[in-house]
Amino acid sequence: MCRTGHDEPDPSDPDNGEASAAFASLLEDSAEELYEHAPCGYLSTLMDGTIAKINLTLLGWLGLERDRVVGRLRFTDLLTVGGKLYHETHFAPLLRMQGEISGIALEVKQAGGGRMPVLVSSVVKHGSTGEPLLIRTTVFDARDRRSYEEELLRARRAAEQAREQAERDRARLQDALAVLQQSLLPADLPSVPGMEAAAHYRTASPDRLGGDFYDLFPSHGKNFAFFLGDVCGKGPQAAAITSLTRYTLRAAALHDPDPVAALTTLNQVLHERYNGDDPRYCTVIFGTLEPDTASGKVTVRLASGGHPSALILRADGTADFLPTPGGLLVGILPTASFATATTALGPGDTLLLYTDGLTEARTGEDSTARYGDEALRALAASHAGESPQAVMEALTALLDGFGDGLDDDTALLALGVPAPGPRREAARDLPRAQAARPAYRAVLNGDVREAGPADRPWSVSSCTSRDSSAATVRPASAGWRRTLSGSMR
């Protein structure tokens with residue numbers, strides 16, 4: 001070996017007297033000294049467990065004198081009650097079968113009444129003819145290990161308690177959010193003479209208040225007003241804007257039923273309230289329903305403030321958008337222009353309003369494609385002529401199929417005029433319905449767009465029909481679902 005600087009003295013070199021003497025003194029450490037003062041406990045027992053030999057290290061841990069142990073006590077006498085039981089049922093049988101055993105955690109009794117955790121290893125010594133003569137046992141101090149294990153257990157228990165507390169807190173938060181979310185939605189849908197209505201609301205996360213909203217309520221005379229929209233942002237701030245928006249639109253509609261006037265009032269309120277460094281706005285489509293009992297038709301007048309166009313599902317099996325281009329976001333500017341449209345719903349026709357959470361849901365194998373307007377129109381066409389409740393059931397099934405691809409809240413509102421006879425789902429229209437359903441199944445099954453498992457943190461469904469008046473509450477996959485129905489008058 002190469003050395004740098006001055007050479008180290010070789011303790012085995014006889015010419016180096018001082019180092020040689022020190023080295024020699026180390027070699028004088030006898031085997032007896034090593035046995036008695038080893039950093040672990042040693043003892044030898046006869047095959048019946050009687051202690052024949054024990055070192056000072058173990059005697060010191062036990063607090064006993066040698067003459068009180070050797071030939072007087074068995075190894076099991078050094079153990080606690082639990083240690084004795086384990087020794088008799090596991091340790092001793094395994095040692096007899098295997099001839100050795102190692103790393104067994106036991107506890108030994110100390111003279112002062114204490115307990116000391118140890119790790120025990122034993123081996124059977126055999127004679128020249130193979131007969132067992134004695135058992136040699138090594139005992140290691142496991143107090144530090146026990147302290148470390150207890151610390152780990154305390155940390156684990158603390159972590160489990162923290163996790164359980166977090167789960168309880170999250171459950172309480174979700175319950176509170178559920179109550180608050182319900183307060184931002186209509187308790188039920190009113191019965192509109194000559195019409196049926198259905199609604200569905202779903203949040204993207206059970207831990208977050210949604211920003212979508214809808215409502216249907218009596219306006220002037222026999223007319224009704226409705227709206228559906230989407231507030232920017234999520235959480236408590238969005239909830240505050242949602243509440244302000246809903247009550248402002250309802251009050252504005254009672255004062256002036258004109259849809260443009262209602263949106264203009266809302267625009268003024270939002271802009272005055274949120275015109276600072278953190279402007280807030282929303283997209284809304286507002287409309288009125290004017291039933292004509294003589295003709296059985298309903299005139300619909302709409303105004304849109306930056307909201308996706310409504311869909312009209314006709315009784316003849318067609319579906320198309322009702323264009324409302326050019327409407328500005330509500331609340332973003334002091335004055336705003338809104339797009340208007342007018343249409344009539346005849347028997348079997350349905351008006352569908354939705355928020356962009358539906359059309360912007362992620363689909364495809366890599367979940368990068370968006371569901372889109374055209375896919376929604378195709379799905380709507382496959383259910384044109386069906387009741388609003390049937391259309392809503394198809395759309396909620398679609399939302400279920402999106403799974404984790406549903407990133408945003410979704411609100412749906414369907415308003416329809418019931419057909420005088422059986423709807424399109426009747427046998428006379430079965431061939432056309434069956435022809436339309438493969439494209440719908442392809443959307444759900446992943447042939448066109450991937451459909452994952454259902455994940456519905458918050459789900460609310462409401463409907464009014466001609467047949468019944470009922471309210472049921474059913475658990476959803478990760479939140480709740482509410483279905484309401486009421487009879488037509």
Side-chain angles (χ1 to χ4, degrees), residues 11-12 19-156:
S12 61
S20 179
F23 185 71
S25 65
L26 292 176
L27 295 179
E28 291 176 357
D29 196 3
S30 65
E32 185 69 18
E33 179 74 14
L34 291 174
Y35 177 83
E36 292 291 349
H37 298 285
C40 59
Y42 288 125
L43 74 156
S44 300
T45 65
L46 303 179
M47 295 307 299
D48 65 356
T50 302
I51 299 174
K53 191 175 182 180
I54 185 170
N55 73 342
L56 288 175
T57 301
L58 183 53
L59 288 171
W61 292 345
L62 299 173
L64 299 175
E65 298 294 333
R66 193 186 305 270
D67 57 359
R68 293 183 55 190
V69 175
V70 175
R72 294 175 178 270
L73 300 179
R74 298 174 183 267
F75 174 59
T76 52
D77 294 329
L78 306 181
L79 303 178
T80 60
V81 174
K84 290 179 180 179
L85 180 62
Y86 186 85
H87 184 276
E88 296 298 330
T89 57
H90 293 78
F91 190 98
L94 285 174
L95 182 59
R96 285 194 297 267
M97 288 189 298
Q98 301 174 174
E100 62 179 357
I101 190 170
S102 62
I104 304 301
L106 297 172
E107 283 187 332
V108 296
K109 299 182 295 184
Q110 295 177 305
R115 295 181 175 188
M116 177 178 173
V118 293
L119 291 177
V120 178
S121 297
S122 294
V123 62
V124 178
K125 179 183 178 181
H126 295 84
S128 58
T129 58
E131 74 280 8
L133 299 178
L134 56 84
I135 300 172
R136 289 173 175 170
T137 299
T138 305
V139 181
F140 292 93
D141 185 353
R143 284 175 291 189
D144 290 341
R145 172 174 171 165
R146 175 67 62 84
S147 299
Y148 176 66
E149 290 174 345
E150 291 176 347
E151 183 179 350
L152 288 179
L153 288 174
R154 285 194 297 269
R156 180 179 178 180

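Only a predicted model underlies this, so the values are computations on that prediction, with no experimental measurement involved.
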Pairwise distance OG1(T137) to CD1(I51) - rounded to 0.5 angstrom
9.0 Å
Determine whether F91 and S122 satisfy the following criterion, side-chain contact (heavy atoms from CB on, under 4.5 Å), listing intermediate values before the conclusion.
CA-CA 9 Å; F91 190 98; S122 294; 3.4 Å; yes
Do you know which two heavy atoms are closest between T76 and K84, and how far apart they sit?
O-CE, 2.9 Å
Supply the atom-to-atom distance L59 CG to I54 CD1, rounded to the nearest 0.5 angstrom.
4.0 Å
Give a yes or no on whether the backbone of R136 and the side-chain of S44 come within a donor-acceptor separation of less than 3.5 Å.
no
Roughly how far, to the nearest 0.5 Å, is the CD atom of E151 from the CZ atom of R156?
15.0 Å
Return the OG to CD1 distance between S121 and I101, rounded to the nearest 0.5 Å.
8.5 Å
Out of L62, V118, L106, which residue meets the side chain to side chain contact (heavy atoms under 4.5 Å, CB included) rule with L78?
L62
CG on L56 to CD on E33, rounded to 0.5 Å
9.0 Å
How about OH on Y35, more than 12 heavy atoms from neighbouring residues, nucleotides or ligands closer than 6.0 Å, or not?
yes
Smallest heavy-atom separation, L79 atom then V108 atom, equals CD2-CG1, 3.9 Å
Going through the checks in order, is the side-chain contact (heavy atoms from CB on, under 4.5 Å) test met by V124 and M47?
CA-CA 9 Å; V124 178; M47 295 307 299; 4.2 Å; yes
Y42 vs T138, side-chain contact (heavy atoms from CB on, under 4.5 Å): CA-CA, chis, key distance, verdict
CA-CA 5 Å; Y42 288 125; T138 305; 3.7 Å; yes
Any side chain to side chain donor-acceptor pair (under 3.5 Å) involving residues 85-95? Give me the pairs, sequence neighbours left out, ordered by first then second residue.
none
So with a 6.0 Å cut-off around CD of Q110, is the heavy-atom count from everything else above 12?
yes
Does any pair with a residue in residues 48-72 pass side chain to side chain donor-acceptor pair (under 3.5 Å), and if so which ones, sequence neighbours excluded?
E36-R66, D48-T50
